[in-house]
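What follows is a single structure, written as structure tokens, with notes after it.
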Amino acid sequence: MNIILLVIVIYLIILIVSLVYAGMIVYHVLTYDREGFSPDYIQLAQRNLALFLIVAGVVLVSSIVGAIIFSFVIK
Amino acid sequence: MNNLAESRNNLNSHDDTDLQFPLIYHRHPINLLWPGVVSGIALVVTIFTAVLLPVLGIVPIPDYLPYIILFTGLIIFVIITCFFMNWAFWFFDVWIITEDKIIDDELVRLFSYRRLEIDLRQVQDVRCEVTGIMPNLFKFGDIIVQSAGKEGELRLLSIYEPYKAARKIALAVKRAKDADVDSAFIAAQETSGSDN
């Protein structure tokens, strides 16, 4: 039980740190506005940001959902 | 002979009508090759390890299978985030040529920006450097802009088709200097006109 608790704590720590890190990058891309940048350039950045959020979000959510489903199947 | 004369004319032509400001340059996408390869290898190693651990019996299945799935998903998320961070650094490292200045805007680190502006009228020299196999294969190189100002030298790194880009920058410099001369001439005429 202690090992399982430790594994979960480690997972949560890594998850929170990586979410904060991803959040900082998202914040940068959304608020980046410099003199001389055309709106098309900013839009391209935001489109790529949306792609990243979709891919990374799907991977993370599917791993959590998959783990939950498998834990119920095992029981 | 006619083709040679025609190509010489093209080289010497100073047609700057195709300059559309602002000109935006950023580094060749090949700069993302190394982060991409590292991310790909990390991804493959992660998936391989996740499959290998239960197969070899290191992690007992099915008790620990949910944890393997959880950690695999998390590590893949981290790998994707790291690659996107590299992409963001590449995307926001730009050089912008406006009608009167060159702007070097760089995202150095998260929450650390660097911006340098050079007046086009202070540019003395524009030259190109293409060295190495990869730059010659993928047609990218460095452009060095020499300025008379305090900034000294500005380097545009890994620019695609650097000779064309350097030509456009040189034309933009010429246009800015001609505009400066024209406005000085007009001001001098107005002054002499008012004296009369």
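Here is how names work: the chains are called A, B, and so on, in the same order as the sequence lines, proteins then strands, and each is numbered from 1. Quick note: numbers below take in every heavy atom, side chains included, and nothing from hydrogens, waters or symmetry partners.
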Handout entry: Salt-bridge criterion met for B:E161 and B:K168 (N-O under 4.0 Å)
Key = no

Handout entry: Sidechain N-carboxylate O distance under 4.0 Å for B:E129, B:R155
Key = yes

What part of [X] is in contact with chain A, defined as an atom under 4.5 angstrom from a non-hydrogen atom: side chain, backbone, both or neither?
{"X": "B:F92", "result": "both"}
{"X": "B:T81", "result": "both"}
{"X": "B:Y67", "result": "side chain"}

Handout entry: Interface residue of largest heavy-atom contact number with chain B, from A:V17, A:I69, A:I8, A:L49, under 4.5 Å
Key = A:L49

Practice task
Heavy-atom pairs under 4.5 Å with chain B are the metric here; pick the option from A:I10, A:V55, A:N48 that has the most.
Solution key: A:N48

Exercise for the section: Hey, can you tell me if B:H26 and B:W90 have their rings parallel, tilted or perpendicular (30° and 60° cut-offs)? Expected result: perpendicular

Practice task
Return yes when atom NZ of B:K164 has more than 12 non-hydrogen atoms of other residues, nucleotides or ligands closer than 6.0 Å, and no otherwise.
Solution key: no

Exercise for the section: Measure A:L51 against the heavy atoms of chain B and call it side chain, backbone, both or neither at under 4.5 Å. Expected result: neither

Handout entry: Proximity breakdown for A:Y27 and chain B, heavy-atom pairs closer than 4.5 Å
Key = side chain

Exercise for the section: Let me see the working for A:M24 and B:M85 under side chain to side chain contact (heavy atoms under 4.5 Å, CB included), right down to the final yes or no. Expected result: CA-CA 10 Å; A:M24 284 197 297; B:M85 182 203 70; over 6 Å; no

Practice task
May I ask you to test the B:L74-A:L60 pair for a side-chain heavy-atom distance under 4.5 Å?
Solution key: yes

